[in-house]
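In what follows, every chain begins at residue 1, and chains take the letters A, B, ... in the order their sequences are listed. Everything quoted here is computed from the prediction, not taken from an experiment.
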Number of protein chains: 2
Amino acid sequence: MLEPDRAAADSEAPRASAIAERLREQILSGKYGPGERLPSERELAERSGVHRSCAREALKRLAQEGFVAIRRGGGARVLPLEQAGLGVLQHLLMHAERPDPSLVSQWLDVHELVIAGGARFAVERADDAERARARSLLARLVEPQLPSAALWSVVDELTDLLAVASRNVVLRMVRNALTAQLRVGRKHVDNCPPHKALVQLASAIGRAVQQRDGDAAETHVRTLLRAQRKALLSRLQNA
Amino acid sequence: MLEPDRAAADSEAPRASAIAERLREQILSGKYGPGERLPSERELAERSGVHRSCAREALKRLAQEGFVAIRRGGGARVLPLEQAGLGVLQHLLMHAERPDPSLVSQWLDVHELVIAGGARFAVERADDAERARARSLLARLVEPQLPSAALWSVVDELTDLLAVASRNVVLRMVRNALTAQLRVGRKHVDNCPPHKALVQLASAIGRAVQQRDGDAAETHVRTLLRAQRKALLSRLQNA
DNA sequence: CCCCTAAGGTGGTCGGACCACTTTGGTCCT
DNA sequence: AGGACCAAAGTGGTCCGACCACCTTAGGGG
């Protein structure tokens, strides 16, 4: 019942992880709709050929991720997806072999809100080391013949830096939650904006950093993120 | 070792919850610094007077919340707080009897970014029922002699509505994560903005909803949230 | 001094058991 | 026939004890 090959995705608690993953898949594919009851710990254990404690651990994990709610005596009931935690996102995006473009678009919208807003705080509060690192990253951004993949990777580093420099733990946590284990799968984004526009944008952001101009930083970082958005979505639809 | 009174906070898995809560407390208060090892499952069990499986469940919970990382053979090591998941926020805010104003301020900043940004999407995409509900909430907002607590409760309902109407699941999830079990403790905010300003603001937001004016919605919702911010923070410092 | 091995410690899983609680079905009364 | 009530079955929470695979660490050998 359990293929050790695929189950080995998680080196820790492989059996529990495998069961949890299978349940997630079944929930996301609609086999268990909102309000429905998942199999009990005992039934799940027997059906999966593992001990009850193992099945229990899988169910507890799903509960903590917000997929289901567990109540003593009643079973594990599936929760509406929009009521689930942020951790569900990664499974929502991954459970199909190609992520849903609409969902990715929503993800990008929120990411843009948070990061562009954070850019304002970042340029106002960054220390000298962080500003120097920003300059360095912006310089790498406009290197001629930089491969597209490397370019977007630099952009990712830049947004990371912004989150840190914003001096806002909550913002960092939100970004962590948004990007957790999400970097995989978005490699090989082969298109990128025209180099000339990029140079202009990088210099504008650099100026904002230098002058601690929050408004300008927000505006131009948003522009950069929109370029990334365009590249990602077009890649997603043409692939 | 376990006080049933305080442990009864969680009706489900009370023993595991109590142990987890105690560990969280000790981590947040610095008894276990980043990188340090928590007691092993067996030691924790013996020390707490519960079975190992119970202590284990508590540790697993902390791991999933991002407090610690568990590795086979190595123990449970405390993770840097800014690397933790959003779930730690609620414990970060609650672990002192009075939340840290600086942290609350950061929370409010992010909340403002997300909701004000979401307001733009919301007014552009809301259906008639949602717009009607927005009108109704805005009307309640300007009721004369409305108690401050009720006023802020209406504001919360309004932001909820915005998150739903934004048609952005990711945004809803982020808001859920930000507000999860956080409504408690912020009751009795006794101050509120001048009624005249409130009337003006409500009418401005209503107009934005009616005309589906995204820019205006973002601007005025942000103003409303800043008023809420001011009230909350002053309440926090004077209490 | 470093590398490498072996012992101990740790988490992961197993098997079985009891309790408290919820659900559910049927019985009994109205 | 309908509703209130009660008992049995089912479910999660906890306990007990055990084994295994893996990591850590201390010790011995080079």
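- Put simply, B:Arg15 has a side-chain N or O that comes within less than 4.0 Å of OP1 or OP2 on D:dC15.
- If you measure from atom CG of A:Leu44 to atom C1' of D:dG10, you get 16 Å, rounded to the nearest angstrom.
- Between the CG atom of B:Leu62 and the P atom of C:dG11 there is a distance of 13 Å, given to the nearest Å.
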Report the C-alpha distance between B:Ile27 and B:Val68 in whole Å, list the side-chain angles of each, state the deciding distance to 0.1 Å, and finish with yes or no for side chain to side chain contact (heavy atoms under 4.5 Å, CB included). CA-CA 9 Å; B:Ile27 292 176; B:Val68 301; 4.0 Å; yes

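- Between A:Leu151 and A:Arg140, the closest side-chain pair of non-hydrogen atoms is not below 4.5 Å.
- Separating the CG atom in A:Leu59 from the CZ atom in A:Arg52 is a distance of 10.0 Å, to the nearest 0.5 Å.
- Closest-nucleotide positions on DNA chain C for A:Ala55 and A:Gly74 were compared, and the one nearer the 5' end corresponds to A:Ala55.
- For the pair B:Glu57 CD and D:dG12 P, the computed distance is 12 Å after rounding to whole Å.
- D:dC23 atom C1' lies 10 Å from atom CZ of B:Arg77, rounded to whole Å.
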- Dump the intermediate steps for side chain to side chain contact (heavy atoms under 4.5 Å, CB included) on B:Trp107 and B:Thr179, then the final yes or no. CA-CA 10 Å; B:Trp107 184 93; B:Thr179 61; 4.2 Å; yes

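- D:dG17 atom C1' lies 15 Å from atom CD of B:Glu46, rounded to whole Å.
- For A:Arg72 against D:dG10, no side-chain N or O and base N or O form a donor-acceptor pair under 3.5 Å.
- For A:Ser40, a side-chain nitrogen or oxygen approaches OP1 or OP2 of D:dT11 to under 4.0 Å.
- One atom, CD1 of B:Ile70, and another, P of C:dT10, lie 13 Å apart when rounded to the nearest Å.
- In terms of phosphate contacts, B:Arg56 brings a side-chain nitrogen or oxygen within less than 4.0 Å of OP1 or OP2 of C:dG12.
- For D:dG13, the base has a donor-acceptor partner in the side chain of A:Arg52 [N/O atoms by modelled type, under 3.5 angstrom].
- Separating the NE2 atom of B:His51 from the C1' atom of C:dG11 is a distance of 14 Å, rounded to the nearest angstrom.
- Residues B:Gln64 and A:Arg61 meet the side-chain proximity criterion, which asks for heavy atoms closer than 4.5 Å.
- Comparing C:dG11, D:dG13, C:dC14 by their nearest atom to the side chain of A:Cys54 picks out C:dC14.
- With hydrogens and angles left out, the side chain of A:Arg42 and the base of D:dG12 share a donor-acceptor pair within 3.5 Å.
- Across the protein-nucleic acid pair, A:Glu41 atom CD and C:dC19 atom C1' stand 14 Å apart, rounded to whole Å.
- For B:Arg71 and D:dT24, the shortest distance from a side-chain N or O to OP1 or OP2 is below 4.0 Å.
- Take the nearest nucleotide of DNA chain C for A:Ala16 and for A:Arg37: the residue whose nucleotide is more 5' is A:Ala16.
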